[in-house]
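Numbers restart at 1 for each chain; the letters A, B, ... are given by sequence-line order, proteins then strands.
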Amino acid sequence: MAPGTIGRVTSAVPSGSDVRVRFAPAPTGYLHLGGARTALFNWLFARQQGGELVLRIEDTDAERSRFELIEVIYRALEWLGIDWDGEPVHQSDRSELYRAAADTLLASGHAYWCDCTPDDVKARAEARGGKPGYDGHCRDRALGPGPGRVVRFRTPDDGETAFDDLVRGPITFANAELEDFVIVRSNGVPMFLVANAVDDPEMGITHIVRGEDLINTTPKVLLLREALGVDTSAVYAHLPLIVNEKRQKLSKRRDDVSMGDYIERGYLPEAMRNYLALLGWGPPDGVEIRPIAEIIELFRLEDVGKSSAFFDLKKLASFNGHYIRELPATEFVERSTHWLFDKAPWPAERFHAATFERLAPLVQERVELLSEVPGYVDFVFLADPVIDDDSWAKAMGKSPDNARAQLDAVLEAYETATWEAEPLMAVIAESGARLGLPKKQWQAPVRVAVTGRTVGPPLGEALEVLGRDEVLRRLRAARERLAA
RNA sequence: GCCCCCAUCGUCCAGCGGCCUAGGACGCCUCCCUUUCAAGGAGGUAACACGGGUUCGAAUCCCGUUGGGGGUGCCA
């Protein structure tokens with residue numbers, strides 16, 4: 001391969017079952033939105049091609065890596081329905097391999113020892129005129145190993161390193177722009193760039209699909225691979241970044257990005273993964289909400305867009321509502337369990353599954369998030385409804401006389417009414433009409449008296465489920481409060 | 001600063017030189033349905049950043065400008 005064309009896609013780009021991709025998270029935090037999207041695209045591509053997706057845990061930095069997070073990342077991937085092939089590879093188990101590579105580089109003159117501290121480097125850079133980066137101070141000092149010393153890679157002084165990015169096209173870096181970067185830390189542990197250069201060829205990775213934030217590290221790894229004499233023909237595909245409303249890369253500190261948080265908020269994995277697939281990619285026929293099997297079938301890495309994508313919570317929520325409504329009723333009940341027990345505002349012993357199941361279909365078409373479920377049924381399982389002030393003001397406060405009259409009429413009729421949704425609503429309509437109330441005021445006082453809110457499941461069913469005694473009790477309580 | 005990248009409705013995608021008086025989705029607005037809220041149905045609002053080329057013809061190709069982002073660690 002001619003110089004300056006390292007990594008350029010030439011003739012035989014692996015495809016089909018030869019495809020092997022990897023998702024390589026660093027266990028320094030939970031799986032976040034960006035990582036999930038990267039994992040998803042790798043997975044879609046692998047499954048589309050009938051190839052393999054392997055996991056590689058990039059934990060060369062022992063100080064930042066937290067082992068318990070690895071398990072959390074696995075669980076989040078599983079939740080999303082992303083499966084992988086074979087056992088995950090841990091870079092921390094492979095230090096010897098990387099050290100050997102560094103030795104090779106040292107022996108061949110591609111790397112050298114350096115005793116400059118970060119402060120030295122910075123100070124000289126400032127003295128030079130503020131241009132950051134290492135100045136090659138130790139390049140020819142022929143230093144040997146020693147405490148506090150790092151190994152740096154000797155980048156070429158001229159020429160360029162280029163590669164064809166599957167989503168971005170040809171990208172070129174002048175080698176002179178690349179500083180002599182550190183490949184082995186002073187504690188003896190090789191950096192991820194070396195690990196990368198060693199692992200990708202060694203693991204047989206054919207396509208490197210990752211975030212655009214890593215694009216600048218690509219020439220360094222390519223140079224490393226070339227110096228190590230390993231195959232440099234991997235195909236790169238850099239995915240556009242996912243950004244916040246200010247168009248900045250999503251950050252763990254600033255933005256709401258933990259996948260675990262989305263799970264706890266009641267998003268469905270189907271919705272999340274469907275939505276994520278649409279960030280940077282779109283199906284040719286424009287049908288956005290569709291089974292994952294179809295997305296796998298239609299997905300093309302080369303169709304991925306180049307510009308960053310805003311993570312739109314509203315659209316995600318809309319998708320989520322769609323998927324919730326699509327659930328079979330029993331499935332909806334099952335998936336709500338977590339919010340009915342672990343996160344419910346009522347004591348567990350007051351919960352009755354059969355009662356919830358009666359209301360569930362009515363709730364199902366009203367929520368966008370599973371976490372909203374308790375709010376629709378809490379009036380049933382709480383000893384007393386939580387009266388929302390605004391709702392009370394709206395239903396009772398505007399025309400107290402009307403509310404009183406309607407409540408009195410309904411109270412009396414309910415003593416003997418047939419306790420089923422339809423007749424119960426008929427009572428409300430009859431008295432409302434008889435009293436000459438505007439339609440808006442027919443059910444509102446009853447609803448707020450019994451459920452505490454103006455918004456909720458259909459009133460007839462709510463009343464039926466609560467039972468005559470409890471409804472009468474709540475109606476009287478409200479009536480009393482209204483009299484005061 | 002330097003390097004790299006990006007640029008179609010508010011947002012996410014479609015558009016790959018004529019099919020574009022630019023299409024879909026989310027949002028927003030209106031109407032229908034409705035004794036709550038949703039859901040559902042019917043409409044509507046809204047974009048090719050700017051300037052030069054190339055071409056018979058450009059949202060689509062090229063150059064520049066502007067704007068935005070990423071990187072610039074002994075993190076990945």
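Look at A/R185 and you won't find any side-chain N or O under 4.0 angstrom from OP1 or OP2 of B/G73.
No engagement by A/G375 is indicated, since no non-hydrogen atom pair under 4.0 Å with the nucleic acid exists. Contact annotation for A/L459: no contact, since no heavy-atom pair falls under 4.0 Å across all strands. A/T60 comes within contact range of the sugar-phosphate backbone alone, with a heavy-atom separation under 4.0 Å but no base atom that close. The residue A/A444 sits apart from the nucleic acid: no heavy atom pair falls under 4.0 Å. Among the protein residues, A/G280 comes within range of the sugar-phosphate backbone only, with heavy atoms under 4.0 Å from sugar or phosphate atoms but none that close to a base. A/S318 comes within 4.0 angstrom of the backbone, heavy atoms only, and of no base. Within 4.0 Å (heavy atoms only), A/F173 reaches sugar-phosphate atoms of the nucleic acid but no base atom.
No close placement of the A/F356 and A/F381 rings is indicated, their centers lying 6.0 Å or farther apart.
With distances taken from any side-chain atom of A/R64 to the nucleotides B/C37, B/U11, B/C75, the minimum falls on B/C75.
For CD of A/E326, the number of neighbouring non-hydrogen atoms (other residues, nucleotides, ligands) closer than 6.0 Å is greater than 12.
Contact of A/R168 with B/C5 (side chain to base): no donor-acceptor pair of N or O atoms is detected under 3.5 Å.
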